[in-house]
Amino acid sequence: MSLKKPITFILNDETITTEVAPNLVALDYLRQHRSLTGSKQGCKEGDCGACSVILGEFVENSIRYRAVTSCLLPMGELHGKHLVSIEGINLEDLSPIQKSMVECGGTQCGYCTPGFVVAMTAGLMDESIPLDDSGADYAISGNLCRCTGYRSIKEAGRTAIAEIESEIVDRPRIEALCESGVLPRYFREIPTRLRAIPPAKIDSPNKAPFIAGGTDLFVQQGEELPRIRATLLNTAPPEPIRVENSYVVVDARETFESFGRHPAIRECIPSIAEYNDAIASWPIRERATLGGNICNASPIADMTTLLLAMESELLISGPDSERWLPLSNFYLGYKRLAKTPEERVTLVRFPQREAGAFINWEKVSKRRVLDIATVNSAAKIGIENGRIASATLALGGVAATPLVLSDASEKLVGLPLDIDSIGTVIDSAQNEFKPISDVRGDASYKRLLARQLLWAHFQKIISESMDEEALYEALR
Ligand SMILES: Cc1cc2nc3c(=O)[nH]c(=O)nc-3n(C[C@H](O)[C@H](O)[C@H](O)COP(=O)(O)OP(=O)(O)OC[C@H]3O[C@@H](n4cnc5c(N)ncnc54)[C@H](O)[C@@H]3O)c2cc1C
Ligand code: FES
Ligand code: FES
């Protein structure tokens, strides 16, 4: 059976229909099939950003553009979308971004430069990224450079924003960017041209294996995937996040970035944006899904640890049936899941935050950002009248799967918020896991980290009412 079916999309200014394998990654298509070699191959693992492209698709009635890494982007997902490579944003003159890269000395060998320019341009196209220094840095969080040391690149991004801010602020963004010479004028016609592409025939959604954002799968099996048949889950947008019967209900195909930006999630998990900053980079978060994080079943999956503490449940849908299962019962062992290969996770739900409930997530990794965790931990703790009324503690990186510390969580209930009572429970929690030594750290280091991260949750709740000296003594 052929793996191929026609994919129609707009590549830069050209509408294209192709029958390449749906799991061929866009980077290989651009370079090998279209001779568009501005997108560079660096790591081919989503880490370096040399292959950055901009992906535009309709979200409700307007097109949302975001930076993604083309080395992890399957072609089969592009039907009806706008794919923009560096060649698609080149104008006759240098754009303000390209000009400031030259003037600030942001390019030396030049290998990373197209990726940085693409990411900075995508940052300006996304109206929710602030037009200031923090926004400039956010946009390039997924790009590495071996030559410049970043200072000049950051300066270039900040300078470009400062120069054009007054021309684009509070105006329809794409139109304003076309007028200020950041984008070519063909961008204005893209919505009409995308609407003219007829919808694709959707594959049956229940044929394993499944590819969601592909940020784990293409790293693990990038060579094999173009040769096999798989179901691309993200050809259609996820269902909107909703609140239903006191639960927040999220499509498992929701990306980390959209999850973190949604008002219902920010209401429930107030510091979600801060947590997201410590998970991967902007382009990876624009692709990485909750379902992929849960089903990849890494012991250090960041979002899964948070969802465990939120007491999440999964809707598992198979060819003939579906059922809800607590996330804490989903892992049977290392990478062993309580589902058949044909079943997929379709929804994730967790209770809305109650008054007095405190949620916190912590992560230690070798680098502060853009790194996987050595140990991570999340906590949901309800406080009533100065006592712990409910508690769910989750830990990652200390066992074969992400864990809920059931005994410790139970023992906390009813305790006063004092160092001795909490310290006794945190010490006893060490019996609930058994870390192994690996490249991220040896077992005793992970035990120490686990203890400190558990303490960090309480330090954030009770630091004001606690004797600081005693707290630091407990953390030692
Ligand atoms: C550069 C880089 C940095 C990263 N940094 C982090 C980090 O800081 N923290 C972190 O936790 N992770 C990180 N990751 C890992 C990855 O991004 C996440 O695990 C992500 O959530 C995976 O989601 P996905 O949609 O891309 O999964 P995919 O790669 O599409 O799928 C992963 C697995 O889950 C299965 N699957 C996906 N969706 C479903 C579903 N709905 N039902 C059933 N099975 C499904 C797939 O078949 C596959 O086995 C990083 C990855 C990269 C490339
Ligand atoms: S080649 Fe490095 S992120 Fe794609
Ligand atoms: S300029 Fe050489 S890698 Fe960035």
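Indexing begins at 1, ligand by ligand and atom by atom, following the structure's order. The first residue in the sequence is number 1, and the count goes up from there. Remember, predicted model here, so these are calculated numbers, not experimental data. Side-chain atoms are counted along with the backbone in the values below, which use heavy atoms only and exclude waters and symmetry mates.
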Close N or O approach (N293, ligand 1; < 3.5 Å): yes
So do T69 and R287 actually touch side chain to side chain, heavy atoms under 4.5 Å? no
Distance filter under 4.0 Å to F256 heavy atoms, resulting ligand 1 atoms: 21 (O)
Could you tell me whether K363 approaches ligand 1 through its side chain, its backbone, both or neither, with non-hydrogen atoms closer than 4.0 Å? side chain
Below 3.5 Å, N or O to N or O, backbone or side chain included: is there any such pair between D47 and ligand 1? no
Which is it for I164 and L177 under the side chain to side chain contact (heavy atoms under 4.5 Å, CB included) test, yes or no, and what are the steps along the way? CA-CA 9 Å; I164 61 164; L177 289 171; 4.2 Å; yes
Any heavy atom of L233 under 4.0 Å from ligand 1? The part involved is side chain
For V345, the ligand 1 atoms whose distance to one of its heavy atoms is below 4.0 Å: 40 (C), 41 (N), 42 (N), 43 (C)
Assess whether atom CZ of R242 is packed by more than 12 heavy atoms of other residues, nucleotides or ligands within 6.0 Å. yes
Show your reasoning for whether side chain to side chain contact (heavy atoms under 4.5 Å, CB included) applies to V404 and L393. CA-CA 6 Å; V404 168; L393 300 177; over 6 Å; no
Against heavy atoms of R344, which atoms of ligand 1 measure under 4.0 Å? 42 (N), 43 (C)
Sub-2.8 Å protein N, O or S atoms surrounding atom 4 (Fe) of ligand 2: C51 SG, C71 SG
Under 4.0 Å from atom 37 (C) of ligand 1, can you find at least one protein heavy atom? yes
Atom 47 (O) of ligand 1 sits nearest the protein heavy atom F210 O, 2.6 Å
Does ligand 1 come near enough to T289 that some N or O of the ligand is less than 3.5 Å from an N or O of the residue? yes
Quick test: of every protein heavy atom, which one is nearest to atom 28 (P) of ligand 1, and how far off is it to 0.1 Å? G214 N, 3.5 Å
Which atoms from ligand 1 have a heavy atom of A280 less than 4.0 Å away? 3 (C), 4 (C), 5 (N), 6 (C), 7 (C), 8 (O)
What verdict does the side chain to side chain contact (heavy atoms under 4.5 Å, CB included) test give for C112 and K40, after you've listed the backbone C-alpha separation in whole Å, the side-chain angles of each residue and the deciding distance to 0.1 Å? CA-CA 8 Å; C112 68; K40 305 295 180 208; over 6 Å; no
Test salt bridge (Lys or Arg N to Asp or Glu O under 4.0 Å) applied to E163 and R158, step by step: CA-CA 9 Å; E163 260 171 31; R158 293 167 178 205; over 6 Å; no
Looking at side-chain heavy atoms only, is the closest gap between L30 and L11 below 4.5 Å? yes
Excluding sequence neighbours, so at least two apart, what forms salt bridge (Lys or Arg N to Asp or Glu O under 4.0 Å) with E254? none
Please tell me if the side chains of H82 and I63 come closer than 4.5 Å, counting only heavy atoms from C-beta onward. no
Under-4.0 Å protein heavy-atom contact, atom 14 (N) of ligand 1: no
Just which atoms of ligand 1 are under 4.0 Å from any heavy atom in G213? 24 (P), 25 (O), 26 (O), 30 (O)
Which of the atoms of ligand 1 are close to A301, meaning less than 4.0 Å from one of its heavy atoms? 11 (O)
Only heavy atoms of C295, strictly under 4.0 Å: list the atoms of ligand 1 that pass. 34 (O), 35 (C), 36 (N), 42 (N), 43 (C), 44 (N), 45 (C)
State, to 0.1 Å, how close I300 and G397 come at their nearest heavy-atom pair, and which atoms those are. CG2-CA, 3.4 Å
Start with the C-alpha distance between R253 and E239, add both sets of side-chain angles, then the distance that settles salt bridge (Lys or Arg N to Asp or Glu O under 4.0 Å), and finish with yes or no. CA-CA 8 Å; R253 298 171 302 144; E239 284 175 28; 5.9 Å; no
Does the side chain of S70 reach to within under 4.5 Å of the side chain of Y29, using non-hydrogen atoms? no
Return the set of residues passing salt bridge (Lys or Arg N to Asp or Glu O under 4.0 Å) with D371 (not counting sequence neighbours), or none when no residue passes. none
Could you check whether any side-chain N or O of R285 sits under 3.5 Å from a backbone N or O of E257, counting only pairs where one atom can act as donor and the other as acceptor? no
Can you tell me how far CG of D47 sits from CG of L72, rounded to the nearest 0.5 angstrom? 9.0 Å
Note the single closest protein heavy atom to atom 9 (N) of ligand 1, along with its residue, its atom name and the distance in Å. D302 OD2, 2.7 Å
Less than 4.5 Å apart, side chain to side chain, heavy atoms only: is that true for L183 and I89? yes
Look at the aromatic rings of Y275 and W361 and report parallel, tilted or perpendicular, splitting at 30° and 60°. tilted
Please state which option from E254, E343, E45 has its nearest heavy atom closest to atom 53 (C) of ligand 1. E45
Could you tell me, atom by atom, which parts of ligand 1 come under 4.0 Å of a heavy atom of D371? 8 (O)
Part of A212 within contact of ligand 1 (heavy atoms, under 4.0 Å): both
Just go through T346, I279, L217, T215 and tell me whose heavy atom is the nearest to atom 17 (O) of ligand 1. T215
When you compare the side chains of E274 and N276, does any donor N or O come within less than 3.5 Å of an acceptor on the partner? no
I'd like to know if the side chain of T392 pairs up with that of E311 as donor and acceptor (distance under 3.5 Å, no hydrogens or angles considered). yes
Return yes or no for this condition: an N or O of V219 is under 3.5 Å from an N or O of ligand 1. no
Quick one: nearest non-hydrogen protein atom to atom 19 (O) of ligand 1, plus distance? D216 OD2, 2.6 Å
Can you find an N or O of G46 that's nearer than 3.5 Å to an N or O of ligand 1? no
Where do Q452 and V375 land on the side chain to side chain contact (heavy atoms under 4.5 Å, CB included) test, with the steps shown first? CA-CA 10 Å; Q452 295 198 330; V375 175; over 6 Å; no
Is there a polar contact between ligand 1 and A252, counting only N or O atoms under 3.5 Å apart? no
Tell me which protein heavy atom sits closest to atom 50 (C) of ligand 1, plus the residue, atom name and distance to 0.1 Å. I284 CG2, 4.2 Å
Should the ring pair Y138 and W282 be called parallel, tilted or perpendicular, given that the plane angle runs from 0 to 90° and is split at 30 and 60? tilted
Under the ring-ring contact (aromatic ring centres under 6.0 Å, His included) rule, what do F458 and F358 come out as? Steps first, then yes or no, please. CA-CA 10 Å; F458 292 96; F358 168 91; 8.4 Å; no
Among L315, I316, L314, the one residue meeting side-chain contact (heavy atoms from CB on, under 4.5 Å) with R323: I316
Restricting to under 2.8 Å, identify the protein N, O or S atoms around atom 4 (Fe) of ligand 3 as residue plus atom. C112 SG, C145 SG
Can an N or O of I211 be found at a distance shorter than 3.5 Å from an N or O of ligand 1? no
Among protein heavy atoms, which sits nearest to atom 27 (O) of ligand 1, and what does the distance come to when rounded to 0.1 Å? G292 CA, 3.4 Å
